[in-house]
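Step one of this worksheet: look at the structure below.
Computed from a prediction, not measured in an experiment: that's the story for all the values here. Lettering follows sequence order; numbering is per chain, from 1.
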There are 2 protein chains.
Amino acid sequence: MQKARASKNSPEQKKFPDKLFYKIGEVSRLTKVESYVLRYWETEFPFLRPRKNKSGQRVYIRKDLDLILRIKELLYDQKYTIEGVRLRLETEGTREPKEVQEDNENAAISPGSLQYIKNRLREILQQF
Amino acid sequence: MQKARASKNSPEQKKFPDKLFYKIGEVSRLTKVESYVLRYWETEFPFLRPRKNKSGQRVYIRKDLDLILRIKELLYDQKYTIEGVRLRLETEGTREPKEVQEDNENAAISPGSLQYIKNRLREILQQF
DNA sequence: GCTAACCAAGCTGCGCTACGCCCCGATTTA
DNA sequence: TAAATCGGGGCGTAGCGCAGCTTGGTTAGC
């Protein structure tokens, strides 16, 4: 009952101070991701491109923070590659979980024929 | 109506020749994964460890082929890291083990000979 | 004086890949 | 039937290339 995957109004949202803009240092502290990693991610994720102010400093907004946390989770917890994260986040709006039900194990001898079994037995014996 | 009969051999299943054992070269051809990659995966995925026959050659079974295709999809399509695939497959296996129903289709075979063959089969399988 | 920007170069280890030797099984020869 | 030959796998391991940071150097704003 505690958490339901950090959505729009989850209590976890509270941990970010209520301000409109964040500089890279703040973002780094809040998300526990080093500044240089944030700068690097920018080169890898086209959808993580904060604006810059007059003097060229990055200006992050709340949405960026959520995105950063999501990337962090996919990369470090779920262990996707950067490309995997990119793929996944780009197609995330497309809600299609693709539930592929695994087949059961039908490995063994099922068809009811003595001849069938004997053939398989020979096959096995050839292994030796 | 016809689904009752088609359950065991779904269309996808047909792509593998119907045999019990495969050598690494065959597996490589069937799954389109190089032999040396298969050997490498063995060092990374504890659940992909084919038996070896007397001469030390790997002996894969059908279940391994399915597993290999699954790994391939996670690695190359979804772009997980190897560790990510491992995590995912290890927790995925914690589903329902699915009770295996068996031995009720043997009516046509004379009970005596079937039992003999099964015993012999087990005996052989122990050799691996 | 701290923080940020940019760029280049360096580092680590993941995920193969190449290499050299060995063995199996089919065919030939005796 | 056995022995000999031989080519196409199969084996394990060392080496390699690049993904993903990480560091260092320099310049500039608050």
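Here CG of B/L87 is found 11.5 Å from CG of B/L74. Values are rounded to the nearest 0.5 Å.
Between the CZ atom of B/F45 and the C1' atom of C/dC14 there is a distance of 11 Å, rounded to whole Å. The interatomic distance linking A/E42 (CD) with C/dA4 (C1') rounds to 13 Å, in whole Å. Rounding to whole angstrom units, CZ of residue B/R58 and P of C/dC23 are separated by 15 Å. Rounded to a whole Å, the CD1 atom of B/I68 is 17 Å from the P atom of C/dG15. Spacing between atom NZ of B/K23 and atom P of D/dG8 amounts to 14 Å, rounded to whole angstrom units. For the pair B/K54 NZ and D/dC11 P, the computed distance is 17 Å after rounding to whole Å. C/dC6 atom C1' lies 12 Å from atom CD1 of A/I24, rounded to whole Å. The interatomic distance linking A/K79 (NZ) with C/dG15 (P) rounds to 10 Å, in whole Å.
Here B/R39 does not reach the OP1 or OP2 of C/dG15: none of its side-chain N or O atoms lies under 4.0 Å away. Residue A/K52 places at least one side-chain N or O closer than 4.0 Å to OP1 or OP2 of C/dC6. The side chain of B/S55 contributes no N or O atom lying less than 4.0 Å from OP1 or OP2 of C/dC23.
A side-chain donor-acceptor contact under 3.5 Å links B/R62 and B/Y22.
Of the possible polar contacts, none joining the A/D66 side chain to the A/K63 backbone as a donor-acceptor pair under 3.5 Å is found. Put simply, the side chain of B/K72 gets close to the backbone of B/T31: a donor and an acceptor are under 3.5 Å apart. Without hydrogens or angle criteria, B/E73 side chain to B/R70 main chain gives no donor-acceptor distance under 3.5 Å. Under a 3.5 Å cut-off, the side chain of B/S28 and the backbone N or O of B/V33 do form a donor-acceptor pair. In terms of modelled atom types and a separation under 3.5 Å, the side chain of B/R49 and the main chain of B/E42 share a donor-acceptor contact.
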Distances under 3.5 Å between protein N/O atoms and the N/O atoms of nucleotides 19-22 of chain D, please, pair by pair.
unit_1: D/dG20; atom_1: OP1; unit_2: A/I82; atom_2: N; d: 2.8
unit_1: D/dC21; atom_1: OP1; unit_2: A/Y76; atom_2: OH; d: 2.8
unit_1: D/dC21; atom_1: OP2; unit_2: A/W41; atom_2: NE1; d: 3.2

